[in-house]
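I have placed the structure first, in the form of structure tokens, so that the comments after it can refer back to it.
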Number of protein chains: 2
Amino acid sequence: MNAQSKKLTVVSDVDCNAVACRNCGICRLGAPLDSTEADSRLLERIAKNRRQIKRGDLLYRIGEPLKAIYAIRYGTIKTYLSTADGRSQITGFHIAGDPLGLADLHDGVCSTEARALENTSLCEIPIDHLQLLTEEIPSLRVQLTQLLSQEVQRLQGLSLLLGKKTAEERLATFLITLSQRFARRGYSSREFNLSMSRNEIGTYLGIVEETVCRTLARFQDDGLIENQRRLISILDADRLAQLAQV
Amino acid sequence: MNAQSKKLTVVSDVDCNAVACRNCGICRLGAPLDSTEADSRLLERIAKNRRQIKRGDLLYRIGEPLKAIYAIRYGTIKTYLSTADGRSQITGFHIAGDPLGLADLHDGVCSTEARALENTSLCEIPIDHLQLLTEEIPSLRVQLTQLLSQEVQRLQGLSLLLGKKTAEERLATFLITLSQRFARRGYSSREFNLSMSRNEIGTYLGIVEETVCRTLARFQDDGLIENQRRLISILDADRLAQLAQV
DNA sequence: CGAGTGGTTGACCACAATCAAGACCCGTGG
DNA sequence: CCACGGGTCTTGATTGTGGTCAACCACTCG
């Protein structure tokens, strides 16, 4: 099992840094509890199915048939949906290791639009391929259930944030959550570069750009963070977490 | 397959009306695409596992181990979670046919609290039971994936509502969605009794009780609905749907 | 170096929250 | 049968958080 995961994670340092890939969704999909040698050979086949998209590019759009599910190797993807008159809500910023497209498995139609915030590399599992794979590797279905169930919990948390938290609490939650996600992927939890604009942060948190700016400025005045445009340093994670009301 | 589903749906008219059960989650779980005779016998065993809870009772609470997953036969359950200081957000009103507990499969810990809004009957599948069942009936896992994926989509829609819609649009969306859900279950889509209070509607829609009242009153003045406390009649579904901005 | 994008700050405003009071409804007990 | 009490619903007056509109700043890139 150790040997297997090595085979999967160490692909080539050029297009897959170890940190991203060790935690990448496809590797998590690829290292289920009871995987066998035969499984691992199959999964190598999947892992080869790569896709690169550039900053600003669409991965898929609302209403089109779901062609594949994805796992992000590196980069950032935002997913969003909109009201009839065009107000849109970002439902997630997805980073290395996150799966994409699972929400649309039940009807095979994309319910969100997915766009790259920076150059992004993905593992791609075509839908018809997935059908075969899950038959050959039962544990893959277990993994799908796990990932979907986590996604439901994430969205429940987002609903709490959008329904009940103040602007200040939203921003604090956002920063703490992002920091924790980076930490889990092996990046710094104290200092990081945002790949999204103030506008996009607002569109995710249910507030406007200006409120994001003002609140970040206040956090800086209060010594909670250092705010240099896209570069954020967390100075007082404890107080920030307390503000977040998680 | 027809004979099978008959066996499952027609239990006894006393504790299972046909409408609710034909569409109930356990029956959907119980009538997967490729079910065999053997499967159906197994599923009969599950379907017998019933549970009744009374209005106001807790089904499970946050943090406790997930003992089972459920499907509602009749009644209504609300699920909710809260901020550290006790503001709570209802994440769903679940009616006949809806599954419960799926969101917590990945770590086996309840992430929401579930409480009955009226006397409610559930099918219960204990977690350890589920393990065995999914091994014997592979299509059950497919069903779990489908149901989870639908739940993710539902919560994405809720996020859009909470993040971007006005109070008026929220109420309109709520009424239209509820009406459609009732219709799909075979109840009237034009007139129905709410099982939740104004306060609970607000706690779900991210607004306060008073705003719910005022907005419903306005809808009545505008001839969109008739509003007799818990009894709601939809008078102009089209205009309401337009207001909803779905 | 100038244009353009994204970020910041200020002044003002509006929608919904809060606070408050009263109406309605239903169950319970005298 | 009516009176009482508590919960739910409704309506009104006032307030406040965050939205809107507007101007300016700062960084980047051609």
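The chains referred to below are lettered A, B, ... by the order of the sequence lines, with proteins before strands, and numbering in each begins at 1.
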When you check the gap from the basic side-chain N to the acidic O, do [X] and [Y] get nearer than 4.0 Å?
| X | Y | result |
| --- | --- | --- |
| A:Arg185 | A:Asp98 | yes |
| B:Arg218 | B:Glu168 | yes |
| B:Asp85 | B:Arg87 | yes |
| A:Glu64 | A:Lys67 | yes |

Write down the distance between [atom1] ([X]) and [atom2] ([N]), rounded to a whole number of angstrom.
| X | N | atom1 | atom2 | result |
| --- | --- | --- | --- | --- |
| B:Leu216 | D:dT11 | CG | P | 10 Å |
| A:Asp221 | C:dT8 | CG | C1' | 12 Å |
| B:Arg170 | C:dC15 | CZ | C1' | 11 Å |
| B:Arg229 | D:dT8 | CZ | P | 10 Å |
| A:Ile207 | D:dG19 | CD1 | P | 7 Å |
| A:Leu205 | D:dT17 | CG | P | 19 Å |
| B:Arg198 | C:dA23 | CZ | P | 19 Å |
| B:Ile232 | D:dC9 | CD1 | P | 10 Å |

For [N], take OP1 and OP2 only and decide whether either is under 4.0 Å from a side-chain N or O of [X].
| X | N | value |
| --- | --- | --- |
| A:Thr211 | D:dG18 | no |
| B:Asn227 | D:dT10 | yes |
| B:Arg214 | C:dC15 | no |
| A:Arg230 | C:dG7 | yes |

Which nucleotide, [options], lies nearest any side-chain atom of [X]?
| X | options | value |
| --- | --- | --- |
| A:Val208 | C:dA17, D:dT20, D:dT10 | D:dT20 |
| A:Cys213 | D:dT20, D:dT11, C:dG7 | C:dG7 |
| A:Thr166 | D:dG18, C:dG7, C:dC19 | D:dG18 |
| A:Glu210 | D:dG19, D:dC9, C:dT9 | C:dT9 |

- If each of B:Arg218 and A:Asn199 is mapped to the nucleotide of DNA chain C with the nearest heavy atom, which maps nearer the 5' terminus, i.e. the 5' end? A:Asn199
- Task: Under 4.0 Å between any heavy atoms, over every strand shown, what does B:Gly206 touch: base, sugar-phosphate, or nothing? Just pick one.
- Result: sugar-phosphate
- Task: Look at the rings of B:Tyr60 and B:Tyr70 and say which category their plane angle falls in: under 30° parallel, 30 to 60° tilted, over 60° perpendicular.
- Result: parallel
- Ignoring hydrogens and angles, does a donor from either the side chain of B:Gln228 or the base of C:dC24 sit under 3.5 Å from an acceptor on the other? no
